[in-house]
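Chain naming here is simple, since letters A, B, ... match the order of the sequence lines and numbering starts at 1 in each.
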Amino acid sequence: MKKVLSNDYLTLAFRFFLGIIFIYASLDKIAHPDQFARIVFNYHLLPGFLVNLCALILPMAEFIAGVCIITGTLYAGARNFLLIILVVFMVAIGVNVIRGVDLECGCFSVSSRAKSASLQLLFRDLIYLLIGLALVVSRSRRWMVDNFFLSRRAKV
Amino acid sequence: MKNWFVQLLVILIISTIAALAINSARGGGVAIIGDWPSGTRSGEGPVVPPSAEEGDPPFVTLEDAVAKYQSPDIIFIDSRDPEDFENGHIKRALNIPFEYLDEEWEVYIESLDHDLGYVVYCSGDECETSLHLGRYLYDFGFPHIYIFYGGWREWEDNGLPITTAESSGKGETR
């Protein structure tokens, strides 16, 4: 299994997949921080004064980590950041499913529509998390900017 | 310290600097420290969402809503999902679920009496459908629209008249 996951091409494909997903997801949030702040607020997990700060920094961190994971720059940090963020998202969604919060509007709701939308989000994040974990297992370090600097340092 | 952790910190520091720089460079960026409500209150002014704008229908307190509830010329409208409405709603309220509005609903809304007043509410925990439905009705030509943003939760917490799924099954209400 480790050998399969360490395949250079598979690792590169996973890096691109995860990186593009996070870059794509961050663009709209970076363009509309006010709307994303409302979404953060709807989770009812952060104190009010941290909502805007989180809405500003988190999408930018997603974007930069997405670029880093594709290019292989600060690779381990970017990969682990995306994993941590995915776990945080999943816990936040799970907590709100249990609390009965409709994440679309931030309302407390018993509707099955709201619950199934949240469960779909959870399932999607689980897939991303598995891909991220595959990158942790992979030993492949080809086509990474980090390698370029490491090899230069080794030569020096 | 682990190498990956240092890298992660570098990413976060770069992200913070970039995010704050872009926000300050952009005209109309958001305030860094947000002014978000910490929940519904009673006994103070009406609960008003941060997204309220000038020209919105007036927001009413729980006390105002209770006073209006006594009037035969005021109808309460619940803007939540039908499932939430069935589970429990303010007694005698109509259900117009904002997220389901379509042409059929427009016909129904058109048939409502324009001379009556309407108090719109939703779940109360910063749910915005009451605000959106209130605006929609206002734009539709209903002059007496009020938004009770404290909503279902504040009403229920204060032991006011409600109809729940169990009680409506037995034909009873609180």
(message) Any non-hydrogen side-chain atom of B:Y118 less than 4.5 Å from a side-chain atom of B:L112?
(response) yes
(request) Carefully, step by step, assess A:I20 and A:I70 under the rule side chain to side chain contact (heavy atoms under 4.5 Å, CB included). (result) CA-CA 8 Å; A:I20 288 170; A:I70 289 174; 4.0 Å; yes
(message) Check B:R80 with B:E99, please: is the shortest side-chain N to carboxylate O separation under 4.0 Å?
(response) no
(message) Are B:I17 and B:V6 linked, directly or through intermediate hydrophobic residues, by side-chain heavy-atom contacts shorter than 4.5 Å (ILVMFWY only)?
(response) no
(message) I need the residue from A:I64, A:T73, A:L58 with the largest number of non-hydrogen atom pairs under 4.5 Å to chain B.
(response) A:I64
(request) Please look at A:L50 and chain B and tell me whether the side chain, the backbone, both or neither of the residue comes under 4.5 angstrom of a heavy atom of that chain. (result) neither
(message) Heavy-atom pairs under 4.5 Å with chain A - which of B:L20, B:I14, B:V10, B:L8 has more of them than the others?
(response) B:L8
(request) Select one option (side chain, backbone, both, neither) describing which atoms of A:F63 are under 4.5 Å from chain B's heavy atoms. (result) neither
